[in-house]
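Keep in mind that this is a model prediction, so the values were computed, not measured.
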Amino acid sequence: MTVMETRTDASGTAVRAPGPAEPPSPDGQDHYTISEVAAHTGLSAYTLRWYERIGLMPHIDRSHTGQRRYRNRDLNWLALVGKLRLTGMPVADMVRYAELVREGQHTFPERQELLEQTRRDVRTRIAELQDTLAVLDYKIENYACARTASERP
């Protein structure tokens with residue numbers, strides 16, 4: 001699974017959904033060490049190993065010496081996981097989503113519902129933040145007016 005997925009629009013034309021920025025693949029490179037992935041994603045090597053251990057990451061290939069070898073598809077998946085984390089999705093739900101992806105296309109309805117619930121939660125949080133921003137704007141305006149009034153002779 002990559003973050004890049006296609007869907008069809010109302011006319012039935014395939015449309016590519018937005019995805020992450022291109023992974024760091026100089027000269028077509030498609031193998032990265034855990035330290036390279038950590039540097040690229042900002043995640044620690046410990047977190048990357050934990051993601052793999054709890055099932056949030058798919059199986060990571062290993063070199064002949066046993067070192068993890070991440071691929072571009074893994075970087076794409078980590079980009080999606082990063083977005084899901086930003087939504088506030090619980091780790092258990094992210095792991096469930098990863099399990100559903102591994103199970104195949106027959107899980108599309110359940111995946112869709114999981115993402116739709118997350119979207120509802122995000123929209124609720126955005127509305128709460130907009131209300132909070134309005135309060136801050138009001139208070140800032142009050143202070144600005146008070147300062148202006150106090151500076152008048």
Side-chain angles (χ1 to χ4, degrees), residues 1-26 28-63 67-144:
M1 151 71 185
T2 64
V3 178
M4 292 298 218
E5 295 181 6
T6 58
R7 60 178 172 77
T8 55
D9 63 13
S11 68
T13 306
V15 178
R16 191 173 201 172
E22 286 295 312
S25 53
Q29 180 181 341
D30 190 29
H31 289 90
Y32 309 94
T33 64
I34 197 167
S35 60
E36 290 171 326
V37 173
H40 174 70
T41 63
L43 299 170
S44 69
Y46 175 84
T47 298
L48 292 167
R49 289 185 204 100
W50 181 67
Y51 281 1
E52 187 178 356
R53 191 169 52 253
I54 66 172
L56 188 52
M57 287 292 298
H59 171 76
I60 303 298
D61 294 333
R62 302 283 181 134
S63 70
Q67 290 182 318
R68 287 171 177 82
R69 302 304 283 173
Y70 292 85
R71 305 197 55 144
N72 288 330
R73 71 172 188 266
D74 301 318
L75 297 180
N76 289 341
W77 178 256
L78 284 169
L80 173 63
V81 168
K83 296 298 184 192
L84 295 177
R85 285 178 57 220
L86 287 174
T87 70
M89 180 186 271
V91 172
D93 287 349
M94 288 189 275
V95 170
R96 178 66 184 139
Y97 182 81
E99 291 168 349
L100 292 169
V101 168
R102 286 190 291 274
E103 288 176 24
Q105 291 184 356
H106 72 279
T107 65
F108 277 5
E110 195 173 347
R111 285 190 249 171
Q112 181 179 352
E113 176 53 35
L114 193 57
L115 294 177
E116 286 175 352
Q117 180 58 52
T118 300
R119 181 174 58 190
R120 287 189 292 272
D121 294 345
V122 167
R123 286 184 172 154
T124 298
R125 210 166 86 222
I126 288 170
E128 291 167 348
L129 289 171
Q130 287 173 331
D131 288 345
T132 301
L133 183 59
V135 169
L136 290 173
D137 289 343
Y138 174 79
K139 294 298 285 181
I140 290 168
E141 182 64 26
N142 280 343
Y143 287 122

Contacts of E116 meeting side chain to side chain donor-acceptor pair (under 3.5 Å) (sequence neighbours excluded), chain-then-number -> Q112
Contacts of S35 meeting side-chain contact (heavy atoms from CB on, under 4.5 Å) (sequence neighbours excluded), chain-then-number -> T33
What one should report as the nearest heavy-atom pair of Y51 and V81 is CE2-CG1, 3.8 Å
Between D61 and Y70: side-chain donor-acceptor atoms closer than 3.5 Å: no
E110 meets the side chain to side chain donor-acceptor pair (under 3.5 Å) criterion, sequence neighbours left out, with R96
Judged by atom type as modelled, is there a donor-acceptor pair below 3.5 Å linking the side chain of W50 to the main-chain atoms of A45?
no
The reported gap from CD1 in I126 to CG in D131 (rounded to nearest 0.5 angstrom) is 12.5 Å
Q) When you look at V101 and T107, which way does the side chain to side chain contact (heavy atoms under 4.5 Å, CB included) test go after all the steps? A) CA-CA 7 Å; V101 168; T107 65; over 6 Å; no
OH (Y138) and OH (Y143) are apart, to the nearest 0.5 Å, by 11.0 Å
Sorted by chain and number, sequence neighbours left out, side chain to side chain donor-acceptor pair (under 3.5 Å) with Q67 holds for none
Sequence neighbours excluded, the answer for salt bridge (Lys or Arg N to Asp or Glu O under 4.0 Å) partners of E128 is none
For this session: For the pair Y32 and D74, evaluate side-chain hydrogen bond (donor to acceptor under 3.5 Å, both in side chains) and give the outcome as yes or no after the intermediate values.
Result: CA-CA 10 Å; Y32 309 94; D74 301 318; over 6 Å; no
Heavy atoms of S44 and A38 approach each other most closely as C-CB, 4.3 Å
R123 meets the side chain to side chain donor-acceptor pair (under 3.5 Å) criterion, sequence neighbours left out, with none
All N/O donor-acceptor pairs, side-chain side in residues 85-95, below 3.5 Å, sequence neighbours left out:
from: T87; atom 1: OG1; to: L84; atom 2: O; distance (Å): 2.5
from: T87; atom 1: OG1; to: M89; atom 2: N; distance (Å): 3.2

So the salt bridge (Lys or Arg N to Asp or Glu O under 4.0 Å) pairs with at least one residue in residues 49-59 (sequence neighbours excluded) are E52-R62, E52-R68
**Request:** Please assess E113 against R119 for the test salt bridge (Lys or Arg N to Asp or Glu O under 4.0 Å), listing each intermediate value before the final yes or no.
**Result:** CA-CA 10 Å; E113 176 53 35; R119 181 174 58 190; over 6 Å; no
Residues passing the side-chain contact (heavy atoms from CB on, under 4.5 Å) test with L133, sequence neighbours excluded, are D137
Less than 4.5 Å apart, any side-chain heavy atom of Y97 and any of L80?
yes
- prompt: Would you say T41's side chain and V37's backbone share a donor-acceptor pair under 3.5 angstrom?
  reply: yes
(message) With a 4.5 Å cut-off on side-chain heavy atoms, are L78 and L48 touching?
(response) yes
Across all chains, not counting sequence neighbours, the side-chain contact (heavy atoms from CB on, under 4.5 Å) partners of A39 are none
